[in-house]
Amino acid sequence: MEYRTLGRTDWQVSTVSFGAWAIGGTWGAVKDDESLAALHRALDRGVNFFDTADVYGDGSSERLIARLRRERKDPFYVATKAGRRLPKQTVEGYSRENLTAFVERSLKNLDVETIDLLQLHCPPTDLYYHPEAFGILDDLVKAGKLRFYGVSVERVEEALKAIEFPGVQSVQIVYNAFRQRPAEQFFPLAKQNQVGILARVPLASGLLTGKLRRDSRFPPDDHRNFNRHGQEFDVGETFSGVDYATGIEAVEEIRGFVPPALTMSQFALRWILMFDAITCAIPGGKRPEQVADNCGASDVPALSDNAMAEVRRVYDRKIRPIVHQHW
Ligand SMILES: NC(=O)c1ccc[n+]([C@@H]2O[C@H](COP(=O)([O-])OP(=O)(O)OC[C@H]3O[C@@H](n4cnc5c(N)ncnc54)[C@H](OP(=O)(O)O)[C@@H]3O)[C@@H](O)[C@H]2O)c1
């Protein structure tokens with residue numbers, strides 16, 4: 001496993017880390033035993049950073065990570081998120097009272113005295129024009145409730161605004177072969193400001209694993225079934241906002257130039273790690289075998305210039321017109 005420094009923290013974070021949304025729910029049925037086995041396998045493979053949120057399974061994802069901590073001595077970092085428990089996304093919702101209550105609840109779920117990294121969970125764009133919200137987070141750091149804080153954003157413009165605040169250590173953003181705009185303006189600035197970048201939805205919700213087919217079906221409680229058109233939350237979180245049929249076509253083109261030694265998931269993750277502004281990718285893992293497969297991406301050699309150019313060509317032709325200017 002390769003490690004990179006996260007922002008201005010002195011943390012060395014595994015380049016393939018763990019996204020803990022699916023083990024909380026919204027991705028079809030999951031069993032706690034299997035989820036826990038996936039978390040254990042991650043630690044076995046050198047993962048030392050877990051991304052969760054207070055709303056994943058209404059806290060069950062955080063509680064599974066707390067169980068992992070009780071069962072293992074290995075040190076690891078946990079990033080959680082706050083803000084999505086609000087009934088409506090408004091600037092006023094991100095008040096001292098609400099943020100403090102969300103943090104207290106996560107501290108309890110995670111069974112710790114201090115949260116390693118708290119991320120605002122895709123707050124409304126206007127919040128970035130309210131420095132007082134970031135002042136509240138500074139106070140929570142001073143009070144010992146948070147070690148560090150960052151943000152999770154939907155759009156590049158929010159990321160650019162977020163890193164104006166000196167306390168922001170990390171930005172979580174959708175980044176993968178189907179979502180390339182963040183690399184243009186945001187990556188160089190994040191690097192300059194020493195802000196860490198967590199690449200979320202790195203497998204485009206499973207599309208980039210190459211296992212999905214045109215006629216694949218998803219259970220009713222899986223967002224790949226019920227959020228394809230953004231019915232419940234931002235459509236960009238489901239298949240990266242790429243319509244399913246186009247995504248499948250693009251994946252079939254990419255399949256042709258994946259080196260034989262790599263699985264498609266490893267290729268997709270290694271593609272992300274080719275960008276040195278990225279701290280880590282946080283693929284969602286539901287089962288130990290998936291985690292092992294994904295971790296393999298950290299140790300493989302750099303992709304060839306040709307492979308990078310081919311991905312770019314597929315993106316420019318098929319994907320760019322439908323996603324580039326949306327996020
Ligand atoms: N707003 C936010 O802040 C936000 C939004 C989205 C995600 N996130 C974070 O980012 C993380 C990653 O994004 P994501 O989970 O949405 O999407 P993702 O990582 O692109 O896709 C994860 C899904 O792909 C499948 N998979 C993973 N590894 C695989 C492998 N090696 N082979 C085959 N299938 C594999 C699994 O589902 P199946 O087995 O069911 O196919 C898994 O749930 C989340 O877990 C969460 O921590 C944050």
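It should be emphasised that the depicted structure is a prediction, and the values quoted were computed from it without experimental measurement. Read the numbers this way: they start at 1 and go in the same order the structure lists the ligands and their atoms.
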With backbone taken as N, CA, C and O and side chain as the heavy atoms from C-beta onward, which portion of D51 lies under 4.0 Å from ligand 1: side chain, backbone, both, or neither? both
So that I can tick it off, tell me whether R228 and D243 are bridged by a salt bridge, with the cut-off set at under 4.0 angstrom between side-chain N and carboxylate O. no
Is any NZ, NE, NH1 or NH2 atom of the basic residue among D276 and K191 found under 4.0 Å from an Asp or Glu carboxylate oxygen of the other? yes
My understanding is that we take every heavy atom of each candidate and find the minimum distance to atom 37 (O) of ligand 1. Doing that for R224, E289, R287, which one comes out nearest? R224
Residue, atom name and distance, where the atom is the protein heavy atom closest to atom 42 (C) of ligand 1: G284 O, 3.4 Å
With a 4.0 Å cut-off on N to O distance, would you call R312 and D316 a salt bridge? yes
What part of S152, side chain from CB on, backbone N/CA/C/O, both or neither, has a heavy atom under 4.0 Å from ligand 1? side chain
Does the pair K81/E62 count as a salt bridge with the N-to-O cut at 4.0 Å? no
Does the residue A20 have a heavy-atom contact with ligand 1, meaning some pair of atoms that are separated by less than 4.0 Å? yes
Anything under 30° is parallel, anything over 60° is perpendicular, the rest tilted; go ahead and classify W21 against H223. parallel
Short side-chain to backbone donor-acceptor contact, N109 and D54, under 3.5 Å: no
Which is closest to atom 45 (O) of ligand 1 by heavy-atom distance: G19, A297, G296? G19
Closest heavy-atom approach to atom 6 (C) of ligand 1 among H223, E237, M264, K286 is made by E237
Report the part of E154 (side chain from C-beta onward, or backbone N, CA, C, O) that has a heavy atom under 4.0 Å from ligand 1; answer both or neither where that applies. neither
How does A53 reach ligand 1, by side chain, by backbone, by both or by neither, if only non-hydrogen atoms under 4.0 Å count? neither
